[in-house]
There are 2 protein chains.
Amino acid sequence: MLSAVTIDAMPLDRRQRRRLETIEEVLDVAVEIMTEQGVAGLSIGEVARRMGIRPPSLYVYFASKEAMYDAVFLRGARAILAHMREHTAGVATDPRPLHDVLLDAGQAMVTWSVHHPAYTQLLFWRPVPGFTPSEQSYAPAVELVEHSRANFVTLQDRGLIRADVDVDDALRDWTILIAGVVSQQLSNAPHESVDDGAFTSRLPNLVAMYCDHYSPPAKGNRNARKR
Amino acid sequence: MLSAVTIDAMPLDRRQRRRLETIEEVLDVAVEIMTEQGVAGLSIGEVARRMGIRPPSLYVYFASKEAMYDAVFLRGARAILAHMREHTAGVATDPRPLHDVLLDAGQAMVTWSVHHPAYTQLLFWRPVPGFTPSEQSYAPAVELVEHSRANFVTLQDRGLIRADVDVDDALRDWTILIAGVVSQQLSNAPHESVDDGAFTSRLPNLVAMYCDHYSPPAKGNRNARKR
DNA sequence: GTCTATATGACGATAGAC
DNA sequence: GTCTATCGTCATATAGAC
């Protein structure tokens, strides 16, 4: 079978391919506008203007502005899912301590989020009054949560997370940490680099704090906290 | 001198008082709309509609929509500042352990934020593309940060926070925790109660985690972590 | 698929009568 | 202080020619 560039893995004729390229260009421009003007600042007219076409032409590709938001949401959800899969692929066999495993995962999430503020806001905040993503577009976002949860279950099975904690509690605390870093960084200093951002640079310390709490007591440790 | 209801503590004639009442009503309605439609969903026309007046009448009280946002920002900043002052008044003398002191402060912040999502978003996120608060409106927000920092300095002076940590690091980590709880709760389940919200209910555990990290080693503890 | 033309309406804001 | 009337701009969206 021929290699294919689409999700359906089906060969396309030139017309279809050109159409998809145009759709990608529309989404590029849409994200660009949302990055500059805020997520709620997207407008059909501005997209058309930047593409050098007229607003009605966009309705060939998207039934409405809502559909455009939905496509951006889907694209962002797929991108962050792929990114996190890639950066947490070895969790099941990674020989390093919990701190290192989690720090890599956290860095991956924070880095992507800070580098893609428009997607992050659309996916994880609710900045557009009327908009709700469709079920299809939401699916990869759900998959990301399931992926994270599976990783945490694996970490607990491997003994890197205390056996007596509810894995969902551990996961919720983890998402709170990451969301806190990202939201503080994006709200207060969006243009600082990830490496020396006032908040992103706190991640290693926060991960250490988290691991002190959720790691099982060290072998022979007399200080096991009871909870 | 007569008691006064205004910040200036000056007596007002009926005209001025009536004017201030109207302004307060406008701000009430504006916050109501922002709560329902999202912060960026505020519109002059909708405010007028709900007040039973015509849009141009609002320009007697506010020079522009921006000025209206600014007044809401000021009001919210003053409210959260007053709320946090009230709930952290005893920090300098509170005899309880760090965990209890911080949990109360955290609960105060989280509760207020979840109960006032419109203010929270306007104050701590950046959901309105063009809007920047004026210096006057920003002042109480700055004061809140200074107030928090002063409290942390006090806690460190009293020996409740390890002497070897940078108080600004401790404060940043603290704000990350609180911001994480609030943003996760507001984004994912805004209508859950604070007491049993999926994320707000994690606060005690997160505070425990934080205190384990930042409290000085207990007297005679052989496990003092070196950092 | 892109265009022109247009329907329809919201918005922020101003002028000027009362 | 409130109104009517209006300006100008922008928006989403549709119809129909090419």
Side-chain angles (χ1 to χ4, degrees), chain A residues 12-34 36-73 122 127-134, chain B residues 12-34 36-73 122 127-134:
Chain A
L12 300 174
D13 64 23
R14 282 214 313 277
R15 275 236 341 267
Q16 288 171 310
R17 183 137 48 204
R18 179 82 182 90
R19 182 184 166 85
L20 286 181
E21 283 170 10
T22 305
I23 288 178
E24 291 304 304
E25 189 189 343
V26 171
L27 296 182
D28 286 341
V29 173
V31 170
E32 182 184 293
I33 293 167
M34 288 162 61
E36 294 171 16
Q37 316 281 339
V39 173
L42 178 64
S43 84
I44 301 280
E46 183 63 23
V47 173
R49 204 167 298 125
R50 296 192 186 197
M51 291 182 66
I53 61 175
R54 304 292 147 191
S57 305
L58 288 170
Y59 286 84
V60 175
Y61 307 101
F62 296 97
S64 67
K65 186 181 168 178
E66 173 114 353
M68 198 182 289
Y69 270 123
D70 201 58
V72 174
F73 189 102
L122 183 63
V128 187
F131 170 65
T132 318
S134 67
Chain B
L12 300 174
D13 65 22
R14 282 215 312 277
R15 274 236 343 266
Q16 287 171 310
R17 184 138 48 204
R18 179 85 181 86
R19 183 184 168 85
L20 285 182
E21 283 170 10
T22 305
I23 288 178
E24 290 304 303
E25 190 190 340
V26 171
L27 296 182
D28 286 340
V29 172
V31 171
E32 182 184 292
I33 293 167
M34 287 161 62
E36 293 171 17
Q37 316 280 338
V39 172
L42 177 65
S43 84
I44 300 279
E46 183 61 23
V47 173
R49 204 168 298 124
R50 296 193 186 198
M51 291 182 66
I53 61 174
R54 304 291 147 188
S57 304
L58 289 169
Y59 286 84
V60 174
Y61 306 101
F62 297 96
S64 68
K65 186 182 170 180
E66 173 115 352
M68 198 182 289
Y69 270 123
D70 200 57
V72 174
F73 189 102
L122 183 63
V128 187
F131 171 64
T132 316
S134 66

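Each chain gets a letter, A, B and so on, in the order its sequence line appears, and its residues count up from 1. What's counted below: heavy atoms across the whole structure, side chains too, no hydrogens, waters or symmetry copies. Small disclaimer: the values here were computed from a predicted structure and weren't measured.
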Under a 4.0 Å heavy-atom cutoff, the residues of residues 37-45 of chain B touching DNA chain D are none
Can you measure from CG (Asp28(B)) to CE (Met51(B)) and round to the nearest 0.5 angstrom?
-> 9.0 Å
Closest approach of Ala30(A) and Val47(A), non-hydrogen atoms and distance?
-> CA-CG2, 4.4 Å
Smallest heavy-atom separation, Phe62(A) atom then Leu27(A) atom, equals CZ-CD2, 3.8 Å
Round to a whole Å and report the spacing from OH of Tyr59(A) to P of dT14(D).
-> 7 Å
Which pair of non-hydrogen atoms, one from Arg19(A) and one from Val60(A), has the smallest distance, and what is that distance?
-> NH2-O, 3.2 Å
Is a donor on one side and an acceptor on the other found under 3.5 Å between the side chain of Tyr69(A) and the backbone of Val39(A)?
-> yes
Using a strict cut-off of less than 4.0 Å between a Lys/Arg side-chain nitrogen and an Asp/Glu carboxylate oxygen, indicate whether Arg17(A) and Glu21(A) qualify as a salt bridge.
-> no
Looking only at heavy atoms, which two atoms of Pro55(A) and Ala48(A) are closest? And how far apart?
-> N-CB, 3.5 Å
Qualifying residue, where the test is side-chain contact (heavy atoms from CB on, under 4.5 Å) with Phe73(A) and the options are Leu122(A), Val128(A), Thr132(A) = Leu122(A)
Under 4.0 Å between a side-chain N or O of Arg49(A) and OP1 or OP2 of dA11(D)?
-> yes
Euclidean distance, atom CD of residue Glu46(B) to atom C1' of dG9(C) [Å, nearest integer] | 15 Å
Determine, for nucleotides 1-8 of chain C in 5'-to-3' order, which nucleotides have protein heavy atoms under 4.0 Å from the base (write B), from only the sugar-phosphate (write S), or from neither (write -).
-> SBBBB---
